[in-house]
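Naming convention: chains lettered A, B, ... in sequence-line order (proteins, then strands); numbering from 1 in each chain.
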Amino acid sequence: MLHVGGARTAVFNWLLARKHGGVFVLRIEDTDRERSTDAARDAILNSLTWLGLDWDEGPFYQSERVQRHAEAALELLEGGHAYRCFCTAGELAAERAAAQAARRSYVYSGRCRALPPETAAARAAAGEPFTIRFKVPPGRTEWDDAVHGRTGFDNEQIGDFIVLRSDGGPIYNLAAAVDDLDMGITHVIRGDDHISNTPRQILIYRALGAEPPRFAHVPLLFGPDKQKLSKRHGAQSVEEFREMGYLPQALVNFLALLGWSPGDDREVMNLRELVEAFSLERITGKSAIFETAKLEWLNGQHLARLSPAELALAVTPWIVGAGLAGEAELAEREAWFRELLEVLRPRARLLPDFVTLGRPYFRIPIEYRDDAVARFWSDPVAARGLLGDLREALASLPDLDDKAAVEARVREVAGARNVDFSTVVHPLRVALTGMRVSPGIFDVLRAMGKDLALSRIDDAIAFLERRSAARAGAT
RNA sequence: GGUCCCAUCGUCUAGUGGCCUAGGACGCUGGCCUCUCACGCCGGAAACGAGGGUUCGAGUCCCUCUGGGACCA
C-alpha cells in the first residue's frame with residue numbers, strides 16, 4: 001500500500017524530474033521480505049499510476065540486487081575501505097552495555113579493524129563467520145541538503161558500521177548507495193527519517209569512487225494529534241482516498257502543498273501547473289500535519305474545473321456502482337446525464353456526493369427524510385392538497401424543459417392559494433427528492449422530466465394520505 | 001541517554017533586516033445572492049514559543065532555554 005507520506009515524497013520526486021526533463025526512476029526498497037508481498041508492490045504501482053505519477057525507469061526491486069550489493073561490499077574490502085569483523089554477538093552486546101553504563105552513545109570499538117588482512121582472510125577461509133564493516137575515516141561528513149542546508153555528522157559519532165551481514169545479506173545503507181550509484185541517481189528526495197543514514201551512504205559513495213547525489217530530506221507527516229500518522233488517524237493510504245471519492249489531481253495538489261508552496265497565492269493547481277512552479281528550494285523543513293478538511297475543499301475545486309466529459313467519466317462508476325443506472329443507460333442518455341451533473345456539480349465535494357444528490361433523478365424509489373417531512377409536510381392534509389394542485393399545473397405542460405414556463409405555472413399555484421412562492425416550493429422539493437436540499441427547483445423538474453416528476457408527486461400524495469389516515473386513526 | 005532536524009493564526013503556508021499596525025488559503029463566523037442547500041461575492045475573529053544579544057531597526061541574524069520530532073541505543 002502507498003502511504004500518503006510516501007505518496008508525497010513520490011510527488012516531489014516526480015515534480016522535480018518533470019520540471020527539469022529528468023528521469024524518474026522507480027525503485028522499490030523491499031528488503032523487508034515480510035511486508036513486501038507481491039500484492040503490496042502492485043498496490044504501490046497502482047496508486048502511483050492512479051495519481052498520474054508515471055515513471056521512466058523501473059520498477060527496480062532492491063531485493064533482486066543482493067548479489068550486486070555483496071559484490072560492492074567485496075570491492076570495498078579490496079579497496080581497503082572495509083574490513084572483516086569477527087566479533088560475536090556476545091562481544092558486541094558487552095560493548096553496547098559498557099557504553100550504556102558510561103552513558104555514551106554506542107559506536108563499535110573498531111577492534112577488528114586492527115586485524116592484519118592476512119589473518120582476517122585466513123580466519124574467513126577457515127569458516128569463521130564474519131561481517132564486513134565500513135572503515136569510517138576520521139573527520140566529518142557533510143552535505144548541502146536541499147531543504148535543510150548544510151547538514152553533517154562527526155564521523156566518530158558514526159563508528160565503523162556493518163555493510164554486509166554474516167549471511168552475506170546487504171545492510172540497507174549499502175544497498176541504497178549502490179543502487180543510487182548504478183542507477184545514475186542525481187537527486188534523492190526522501191523522508192527526514194533518513195537523515196542519519198545519509199552520512200553513511202555518502203561515505204560509501206566516496207569509497208566507491210563516486211560523488212554522492214543531491215539530497216533533499218522532507219519532514220514527515222503527522223496526524224492531527226501531532227503523532228506519527230497511523231491507523232488511528234483514519235485513512236492513510238492513497239487507495240483509501242480513491243475509495244472515498246477523491247480525484248487524483250486533488251490529492252496530488254494537496255500533497256504537494258504540504259511542505260511546499262509556489263511562493264505566490266496560487267493553491268488550486270493541476271499537474272502541469274505544479275510542474276511549472278516546482279522547485280526543490282521551496283520545500284520547508286517543518287513537518288506538516290495531515291488534515292483532510294482542506295483536501296475536501298480542494299477536491300470540490302478540482303471537480304469544478306473538470307470538463308463535462310471528464311466529470312461524466314469520473315462519476316459514472318459511482319452511479320453504476322450504487323445501482324442508480326447501468327452504464328449503457330447513461331451512455332444512451334449522455335446529454336441528459338451531463339446536464340444533470342452540471343446542476344449537481346457545485347454541490348458536490350466528493351464523488352459519492354453525486355450518488356446521494358443524484359438518486360432522485362433516476363427511476364428508483366426514494367425515501368422521505370424525517371427532517372424534511374417534519375419541516376415541510378408537518379400538515380399532511382395541507383401538503384396533499386398543495387401537491388394535488390401542483391400536479392395538475394405541471395401536467396398541463398407539454399414537458400418541463402422550459403424553466404420560465406414551469407416557474408410561471410408554479411407561481412400561479414402559489415397565487416391561487418394566496419401563499420408565498422417558497423411555501424409551495426419546499427413541499428414540492430420534498431415530494432420530488434425526499435430531501436430539504438437540492439438544486440434549484442426548476443433545475444430539478446427539468447432534470448427529472450415530466451413523467452418521473454408526476455410519478456414522484458403521485459407517490460408523495462399516496463404517502464401523505466397514508467399519513468393522514470394513520471393520524472386520524474390515532475386520535 | 002547520544003546525535004540530528006524543526007518552531008508564524010486551530011490547520012496548510014507567505015515572509016531570506018525596514019514594503020509586516022505579519023499576507024493568502026482551509027476551517028469557524030457575520031452578511032449578500034436566493035425557492036432550500038451549495039457555488040460565488042463582501043466582512044470578522046484568529047499567529048511570529050520564552051529570554052537574552054547583534055543592529056538605527058528583527059518574525060527575519062546569533063546564543064540560551066522551552067517545546068515537538070527523527071534516528072541510534
Under-3.5 Å donor-acceptor pair between A/R436 side chain and B/rC37 base: no
Sugar-phosphate, base or nothing in reach of A/G259, heavy atoms under 4.0 Å: sugar-phosphate
What pairs of nitrogen or oxygen atoms, one from the protein and one from nucleotides 45-47 of chain B, lie under 3.5 Å apart?
none

Touch class at under 4.0 angstrom, heavy-atom based, for A/S438 against every strand present: base
Touch class at under 4.0 angstrom, heavy-atom based, for A/L220 against every strand present: sugar-phosphate
Validation row, ring centre A/W260 to ring centre A/F12 under 6.0 Å: no
Touch class at under 4.0 angstrom, heavy-atom based, for A/I441 against every strand present: base
Base paired to B/rC37 (Watson-Crick or G-U; both N/O distances under 3.5 angstrom): none
Side-chain N or O of A/R190 closer than 4.0 Å to phosphate OP1/OP2 of B/rC71: no
Euclidean distance, atom CD of residue A/E142 to atom C1' of B/rC5 [Å, nearest integer]: 15 Å
A/S287 side chain near B/rG69 phosphate (N/O to OP1/OP2, under 4.0 Å): no
Lys/Arg-Asp/Glu bridge criterion (N-O < 4.0 Å) met for A/E310, A/R345: no
Pairing nucleotide - B/rG67, Watson-Crick or G-U, each distance under 3.5 Å: B/rC6
Residue closer to the 5' end of RNA chain B, A/W260 versus A/R150 (nearest nucleotide): A/R150
Separation of the C1' atoms in B/rA47 and B/rU11, to the nearest angstrom: 12 Å
Near-ring test A/Y246/A/W297, centroid separation under 6.0 angstrom: no
Among B/rC26, B/rU11, B/rG23, the one nearest A/D265 by side-chain distance: B/rG23
Short N-O contact, A/R369 and A/D371, less than 4.0 angstrom: no
Sugar-phosphate, base or nothing in reach of A/E267, heavy atoms under 4.0 Å: base
P-based separation of B/rA22 from B/rA45 [nearest Å]: 11 Å
Any-strand Watson-Crick or G-U partner of B/rU21, both distances under 3.5 Å: none
Touch class at under 4.0 angstrom, heavy-atom based, for A/R282 against every strand present: sugar-phosphate
Atom-to-atom span, CZ of A/R349 to P of B/rA38 - whole angstrom: 10 Å
Phosphate OP1/OP2 of B/rU8 contacted by A/K286 side-chain N/O (<4.0 Å): yes
A/H194, A/R190, A/H148 screened by side-chain hydrogen bond (donor to acceptor under 3.5 Å, both in side chains) with A/H217, the one that passes: A/R190
A/W297 CH2 - B/rA38 C1' separation (whole Å): 15 Å
Residue A/F153, side-chain atoms from C-beta onward, closest of B/rC5, B/rA14, B/rU3: B/rU3
Any strand: nucleotide that pairs with B/rU54 via Watson-Crick or wobble, under 3.5 Å: none
P gap between B/rG44 and B/rC56, integer Å: 38 Å
Distance under 6.0 Å and angle within 45° of ring axis: A/R133 vs A/Y108: yes
Sugar-phosphate only, base, or nothing, as touched by A/G152 at under 4.0 Å among non-hydrogen atoms: sugar-phosphate
Length of the CG-P vector between A/D192 and B/rG69, whole Å: 14 Å
Nearest-angstrom distance from the residue atom CZ of A/R375 to P of B/rC35: 15 Å
Between B/rG15 and B/rC48 - C1' atom distance, rounded Å: 10 Å
Interatomic distance where OH belongs to A/Y108 and C1' belongs to B/rC72 [whole Å]: 18 Å
Integer-rounded Å distance: B/rC6 P and A/F222 CZ: 13 Å
side-chain N/O A/Q301 vs B/rA38 OP1/OP2, d < 4.0 Å: no
Quiz item: A/R347 side-chain donor-acceptor pair to B/rC37 base, under 3.5 Å: yes
Nearest to side-chain heavy atoms of A/D193, which nucleotide of B/rA70, B/rU13, B/rG24: B/rA70
Complementary nucleotide for B/rG59 - Watson-Crick or wobble, under 3.5 Å: none
Sugar-phosphate only, base, or nothing, as touched by A/T284 at under 4.0 Å among non-hydrogen atoms: sugar-phosphate
Given B/rU3, B/rU36, B/rG27, the nucleotide with the shortest approach to the side chain of A/V437: B/rU36
Sugar-phosphate only, base, or nothing, as touched by A/R96 at under 4.0 Å among non-hydrogen atoms: sugar-phosphate
Short side-chain to backbone donor-acceptor contact, A/D399 and A/K450, under 3.5 Å: no
B/rC6 phosphate, OP1 or OP2, under 4.0 Å from A/H148 side-chain N/O: yes
Touch class at under 4.0 angstrom, heavy-atom based, for A/G285 against every strand present: sugar-phosphate
Short side-chain N/O contact to B/rU3 OP1/OP2 from A/R140, under 4.0 Å: no
Span that lies between the C1' atom of B/rU55 and that of B/rC62, in whole angstrom: 12 Å
P gap between B/rA25 and B/rC41, integer Å: 10 Å
Spacing of A/Q157 atom CD relative to B/rC71 atom P, expressed in whole Å: 17 Å
Centroid-centroid distance, A/F222 to A/F290, less than 6.0 Å: no
Worked verdict on A/F215 versus A/Q201 for side chain to side chain contact (heavy atoms under 4.5 Å, CB included): CA-CA 11 Å; A/F215 290 101; A/Q201 291 171 202; 4.3 Å; yes
Spacing of the P atoms in B/rC65 and B/rC26 (rounded, Å): 40 Å
A/R113 charged N/C atom sitting above A/Y83 aromatic ring, 6.0 Å / 45°: no
Rounded distance in Å between the P positions of B/rG59 and B/rG49: 10 Å
Geometric cation-pi criterion A/R84 and A/F130, 6.0 Å radius, 45° cone: yes
Ring center gap for A/F421 and A/H426 short of 6.0 angstrom: no
Along RNA chain B (nearest heavy atom to each residue), the more 5'-positioned of A/S196 and A/R345: A/R345
